[in-house]
Protein chains: 2
Amino acid sequence: MTNERIEEYLETILYLTNKNKGPAKTNQIAEELKLSPPSVTEMIRKLFGSGYIKYTPYHGVTLTPKGCTEAMRIKRRHQLLETFLVDVLDLDPKFAHAEACEMEHSISETTLEKMCAYMGHPEICPDGNPIGHGECCPTEALNASYRDYIPLSELKEGEQGTIKIISLTREIKDRLSSIGLIPDQEIQVKRKLGQGTLSITAMGTEVAVGKNIASKIMVQSHGA
Amino acid sequence: MTNERIEEYLETILYLTNKNKGPAKTNQIAEELKLSPPSVTEMIRKLFGSGYIKYTPYHGVTLTPKGCTEAMRIKRRHQLLETFLVDVLDLDPKFAHAEACEMEHSISETTLEKMCAYMGHPEICPDGNPIGHGECCPTEALNASYRDYIPLSELKEGEQGTIKIISLTREIKDRLSSIGLIPDQEIQVKRKLGQGTLSITAMGTEVAVGKNIASKIMVQSHGA
DNA sequence: CTATATAATTAGGAAAGCCTAAACATGTCG
DNA sequence: CGACATGTTTAGGCTTTCCTAATTATATAG
Ligand SMILES: [Mn+2]
Ligand SMILES: [Mn+2]
Ligand SMILES: [Mn+2]
Ligand SMILES: [Mn+2]
């Protein structure tokens, strides 16, 4: 078995067992990978032999802990590459998905982590799904940061602060950055309006931010 | 024949015929690719059958125009990836070479061109070799520019200008940028010293530039 | 010009991954 | 219960790319 084939099967099995909330069926895997069912049966037996999957003939396939770890590793590669292709190189998202699924098998862990760092350890893939954390991601630091930072929604009128972390989808982030709300930007809360909506100033202009969004923007408070 | 195998053989044959200034030998190819000589003989026959190479038994292999075009396409992929890994992701150059040689087979032309553009159409690979021009590279614009620009070495004393294109190795470019000589930087020639050496000011400080280097820095003159 | 060292090719075969056609298991419906 | 539709596995075979061992070609030294 080549690495690439193992990876492609495990990735598919992870996807299908999640979708099914149960074992992946031979025919499903065959269709997903565009292979004949006998080819899948053959490979399934090998993956079983190597301890990647649990397999009961005629009943389907689930991942073992070993297989699951491996599958999630591939998924992370795929998502980081896809994010890179879309966010950095500005490729078409659909094209990027297919391209990432090719490249994911040849990129090394070292390169992937550099890429992850280059993008600032992104948390959401352009396809909308969350990206798993990797060795390189500052989980500890982030958690520590979260303790020091407070949601923008908690700032009082007149209080100033610096935006530190924005945990929102790409689309919303894009919208925010177009009105000047990006990490390390100084802001001040001008007024608190109804329903938790805030009126804040950033880069000299005044903008309104809804409650849901304000609660996902972590800031370092500088007091009033 | 899979694409990847064709690519790897052609890349090696291009490298060896250049190095030999003559045909690539079976054993050389085998050693380069870490394969047995019979495996190479077998593949050579297939590549010959597909018109990629000229092959005379017992005498060696050269590329046909078709094979040469293909080989240079792969080489460009390899070099752009290597440049990206080193210059953008900051990987170890030696590691980057090996990694690029893996990734070069799975990256698409579309992605490669986006990557080329992202880096500003680099002209020299970290390994020191020039990178071939691609579809995406602004050859026309560059040629047009060259007509408008003159070498820094041609400026007269007191004349001012803007640096536009620096056609030098990475090392020299790095050295120049550390003293403020980068594209779009305004400079002025203070004095012309002996041997074609110039004393110029950039960002308020005065630096000396030798003749060889000054002749590779194209500037847009603003007169005295 | 021949013996010998070196380089290249032929012969035969293995592993990986895929295929089609045929056989087999399983759940469902009359 | 039994026949059938559906999904799965078995049987047998193909292609690609690689290997080792044996053979053959070429070049060179005596
Ligand atoms: Mn994938
Ligand atoms: Mn894939
Ligand atoms: Mn290469
Ligand atoms: Mn390669």
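Residue numbers begin at 1 in each chain, while the letters A, B, ... track the order of the sequences.
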Would you say that [X] contacts [Y] through its side chain, given a criterion of any heavy-atom pair below 4.5 Å between the two side chains?
X: Met115(B); Y: Thr83(B); answer: no
X: Ile217(A); Y: Leu176(A); answer: yes
X: Ser50(B); Y: Met1(B); answer: yes
X: Lys25(A); Y: Glu31(A); answer: no
X: Arg76(A); Y: Cys137(A); answer: yes

*Without hydrogens or angle criteria, can the side chains of Glu32(A) and Thr12(A) be said to hold a donor-acceptor pair below 3.5 Å?*
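No.
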*Can you list the residues that meet the side-chain contact (heavy atoms from CB on, under 4.5 Å) rule with Thr64(A), with sequence neighbours excluded?*
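Only Lys66(A) meet the side-chain contact (heavy atoms from CB on, under 4.5 Å) criterion with Thr64(A).
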*Just jot down the side-chain contact (heavy atoms from CB on, under 4.5 Å) partners of Thr69(B), sequence neighbours excluded, or say none.*
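So Thr69(B) forms no side-chain contact (heavy atoms from CB on, under 4.5 Å) with any residue.
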*Keeping to residues at least two apart or across chains, list the ring pair (Phe, Tyr, Trp, His ring centres under 6.0 Å) pairs with something in residues 53-101 of chain A.*
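Ring pair (Phe, Tyr, Trp, His ring centres under 6.0 Å) check on residues 53-101 of chain A returns His78(A)-His97(A), Phe84(A)-Phe84(B).
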*asked:* I'd like to check the side chain to side chain donor-acceptor pair (under 3.5 Å) partners of Thr17(A); sequence neighbours left out, ordered by chain and number.
replied: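 In terms of side chain to side chain donor-acceptor pair (under 3.5 Å), with neighbours along the sequence ignored, Thr17(A) is linked to no residue.
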_side chain to side chain donor-acceptor pair (under 3.5 Å) partners for Arg73(A), two or more places apart_ =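 Only Glu70(A), Glu109(A) meet the side chain to side chain donor-acceptor pair (under 3.5 Å) criterion with Arg73(A).
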*To the nearest 10 degrees, what angle separates the axes at the start and end of the helix from dC1(C)-dG30(D) to dG30(C)-dC1(D), five pairs each?*
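Nearest ten degrees gives 20° for this helix.
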*Reading DNA chain C 5' to 3', which nucleotide is the first, and which the last, to come under 4.0 Å of any heavy atom in chain A?*
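Range of nucleotides touched by chain A: dA16(C) to dA25(C).
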_Taking the nucleotide of DNA chain C with the nearest heavy atom to each, does Tyr55(B) or Met1(A) sit closer to the 5' end?_
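Upstream on the strand: Tyr55(B).
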*Tell me which of Pro57(A) and Thr2(A) sits closer to the 5' end of DNA chain C, going by the nucleotide each one is nearest to.*
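On the 5' side of the pair lies Thr2(A).
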*Please check if the side chain of Arg77(A) supplies one atom and the backbone of Ile107(A) the other of a donor-acceptor pair under 3.5 Å.*
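Yes, because the side chain of Arg77(A) sits within donor-acceptor range (under 3.5 Å) of the backbone of Ile107(A).
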*Quick one: how far along DNA chain D does chain A reach, first to last nucleotide 5' to 3', anything under 4.0 Å to a heavy atom?*
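Under 4.0 Å from chain A, the extent on DNA chain D is dG7(D) to dT10(D).
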*Considering all heavy atoms, the nearest Thr197(B)-Ala208(B) contact*: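 Of all heavy-atom pairs spanning Thr197(B) and Ala208(B), the closest is CG2-CB, 4.4 Å.
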*Please identify each residue that fulfils ring pair (Phe, Tyr, Trp, His ring centres under 6.0 Å) with His121(B), with sequence neighbours left out.*
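His121(B) satisfies ring pair (Phe, Tyr, Trp, His ring centres under 6.0 Å) with no other residue.
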_Can you list, in residue-number order, the parts of residues 40-50 of chain B that come under 4.0 Å of DNA chain C, counting heavy atoms only?_
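Within this stretch, Thr41(B), Arg45(B) sit under 4.0 Å of the strand.
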*Residues within residues 9-32 of chain A bordering DNA chain D, heavy-atom distance below 4.0 Å*: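 Contacts with DNA chain D under 4.0 Å: Lys25(A), Thr26(A), Asn27(A).
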*Could you list the residues that satisfy salt bridge (charged side-chain N to carboxylate O under 4.0 Å, His left out) with Lys164(B), not counting sequence neighbours?*
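So Lys164(B) forms a salt bridge (charged side-chain N to carboxylate O under 4.0 Å, His left out) with Asp184(B).
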